[in-house]
Visitor: 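Got a structure here, written out as structure tokens. Questions coming.
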Amino acid sequence: MNLALLRTDDEYYTPKHAWEDIDRFIPKDKVLWEAFKGNGKSAEYLRELGCEVVCDDDDFFECSPKGDIVVSNPPFSKAKEVLQRLVEWNKPFILILPCAKITTKYVRDSFEDTICALKLLVPRKRINFDKPGMVKSKCSFDCFYWCWKIPGMEALP
């Protein structure tokens with residue numbers, strides 16, 4: 001992704017505990033695509049959890065889909081475009097996104113026919129993302145894990 005197009009407040013890198021908290025929901029028999037490389041740590045953490053991960057510098061908005069499932073923390077300012085593209089590709093995903101996005105029209109429109117396949121996992125505690133230039137980051141908003149068409153989650157309410 002062209003970093004020049006990102007807003008400065010889009011640099012929120014995923015801490016290790018965020019993936020450890022949902023480890024049991026991440027399919028280990030699928031190839032994960034960490035589509036938004038960031039600082040590269042997210043892919044590293046997922047590999048430490050026993051996942052096979054594709055992670056490169058390709059622009060998500062210009063490349064073809066990779067892997068079986070997208071597992072990522074995308075730029076929040078691009079959430080609409082990311083969700084629309086993933087649904088268009090029919091690509092299962094686990095994304096970390098702000099809770100407030102759930103009430104948007106684009107979410108209702110994107111998942112109109114597949115809303116039953118969308119599951120929201122609530123973190124045990126607020127995810128305090130790693131922010132460049134800050135020793136310790138305190139996040140001022142809450143996020144969910146947005147899971148769509150993830151094998152094994154169909155039976156969850």
Side-chain angles (χ1 to χ4, degrees), residues 1-102 104 106-107 110-111 114 117-132 137 139 141-153 156:
M1 168 159 224
N2 182 347
L3 296 179
L5 298 177
L6 293 180
R7 297 182 355 198
T8 57
D9 61 346
D10 268 337
E11 287 189 272
Y12 289 93
Y13 300 129
T14 313
K16 187 175 187 176
H17 76 82
W19 297 131
E20 289 173 334
D21 286 349
I22 63 161
D23 180 39
R24 69 181 186 270
F25 296 107
I26 301 172
K28 303 296 189 298
D29 62 337
K30 304 288 183 191
V31 176
L32 309 183
W33 178 24
E34 185 13 312
F36 298 93
K37 184 177 179 180
N39 63 4
K41 293 285 190 182
S42 186
E44 179 183 315
Y45 300 149
L46 290 165
R47 287 183 187 112
E48 288 175 12
L49 293 174
C51 301
E52 182 180 344
V53 182
V54 174
C55 182
D56 55 34
D57 292 320
D58 287 354
D59 187 326
F60 172 81
F61 297 103
E62 295 180 10
C63 70
S64 298
K66 301 174 186 183
D68 301 310
I69 297 172
V70 172
V71 178
S72 192
N73 169 15
F76 298 158
S77 70
K78 300 289 183 193
K80 176 181 179 179
E81 295 86 351
V82 170
L83 289 171
Q84 288 173 337
R85 190 163 175 93
L86 290 172
V87 170
E88 178 184 304
W89 282 338
N90 197 33
K91 182 63 105 177
F93 61 77
I94 299 174
L95 300 178
I96 298 174
L97 289 172
C99 299
K101 304 270 185 207
I102 196 67
T104 62
Y106 70 81
V107 167
S110 295
F111 298 102
T114 61
L118 179 65
K119 307 294 182 188
L120 301 176
L121 298 178
V122 179
R124 289 184 245 197
K125 61 181 183 174
R126 179 174 282 170
I127 299 171
N128 288 311
F129 298 93
D130 296 330
K131 188 87 170 124
S137 175
C139 195
F141 55 88
D142 289 310
C143 290
F144 292 141
Y145 298 96
W146 296 51
C147 307
W148 186 67
K149 295 191 173 183
I150 300 300
M153 293 187 87
L156 294 178

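All residue numbers refer to positions in the sequence shown, counting from 1.
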Visitor: Quick check: closest heavy atoms across W89 and C63, and the distance to 0.1 Å?
Guide: CZ2-O, 3.5 Å

Visitor: Can you name the nearest heavy-atom pair linking D56 to K66, along with the distance?
Guide: OD2-NZ, 2.5 Å

Visitor: Can you see which heavy atom on K28 is nearest to which on L49, and at what distance?
Guide: CE-O, 3.1 Å

Visitor: Considering non-hydrogen atoms only, spot the tightest contact between F141 and C143 and give its length.
Guide: CE1-SG, 3.6 Å

Visitor: Could I get the full list of salt bridge (Lys or Arg N to Asp or Glu O under 4.0 Å) partners for E48, not counting sequence neighbours?
Guide: K16

Visitor: For Y106, enumerate each residue passing the ring pair (Phe, Tyr, Trp, His ring centres under 6.0 Å) test, keeping only those at least two apart in sequence or located in another chain.
Guide: none

Visitor: Can you name the residues that form a salt bridge (Lys or Arg N to Asp or Glu O under 4.0 Å) with R126, not counting sequence neighbours?
Guide: D142

Visitor: To the nearest 0.5 angstrom, please state how far the CD1 atom of I102 sits from the CG atom of L120.
Guide: 4.5 Å

Visitor: Would you give the length of the straight line joining atom CG of D21 to atom CD1 of I127, rounded to the nearest 0.5 angstrom?
Guide: 7.5 Å

Visitor: Tabulate below the donor-acceptor pairs under 3.5 Å that side-chain atoms of residues 31-40 make, not counting sequence neighbours, or state none.
Guide:
residue : atom : partner : partner atom : Å
E34     : OE1  : F36     : N            : 3.0
E34     : OE1  : S72     : OG           : 2.6
E34     : OE2  : S42     : OG           : 2.8
K37     : NZ   : D57     : OD1          : 3.3
N39     : OD1  : K41     : N            : 3.0

Visitor: Just by modelled atom types, is the E52 backbone N or O under 3.5 Å from a matching donor or acceptor in the R47 side chain?
Guide: no

Visitor: Check L83 against F111 and note the closest heavy-atom contact, atom names and distance.
Guide: CD2-CZ, 4.0 Å

Visitor: Hey, what do you get for CD (E44) to OG1 (T14), rounding to the nearest 0.5 Å?
Guide: 12.5 Å

Visitor: Kindly indicate, with the supporting measurements, whether the criterion side chain to side chain contact (heavy atoms under 4.5 Å, CB included) is fulfilled by L95 and F144.
Guide: CA-CA 8 Å; L95 300 178; F144 292 141; over 6 Å; no

Visitor: Give every donor-acceptor pair under 3.5 Å between a side-chain atom in residues 145-152 and any protein atom, sequence neighbours left out.
Guide:
residue : atom : partner : partner atom : Å
Y145    : OH   : A18     : O            : 2.6
W146    : NE1  : L97     : O            : 3.3
W148    : NE1  : T114    : OG1          : 3.1
K149    : NZ   : N90     : OD1          : 2.5

Visitor: Among all residues two or more places apart in sequence or in another chain, which pass the side chain to side chain donor-acceptor pair (under 3.5 Å) test with K80?
Guide: none

Visitor: Tell me the closest heavy-atom pair linking V70 and K91, and the distance in Å.
Guide: CG2-CG, 3.7 Å

Visitor: Got a second to check how far D68's CG is from D29's CG, nearest 0.5 Å?
Guide: 8.5 Å

Visitor: Under a 4.5 Å cut-off applied to non-hydrogen side-chain atoms, are V82 and F60 in contact?
Guide: yes

Visitor: Taking the side chain as every heavy atom from C-beta outward, state whether I69 and V71 have any pair of such atoms under 4.5 Å apart.
Guide: yes

Visitor: Any heavy-atom pair between the side chains of W19 and Y45 that's under 4.5 Å?
Guide: yes

Visitor: Just to verify, what does K30 make a salt bridge (Lys or Arg N to Asp or Glu O under 4.0 Å) with, not counting sequence neighbours?
Guide: none

Visitor: Sequence neighbours left out, what passes salt bridge (Lys or Arg N to Asp or Glu O under 4.0 Å) with R24? Give chain and number order.
Guide: none

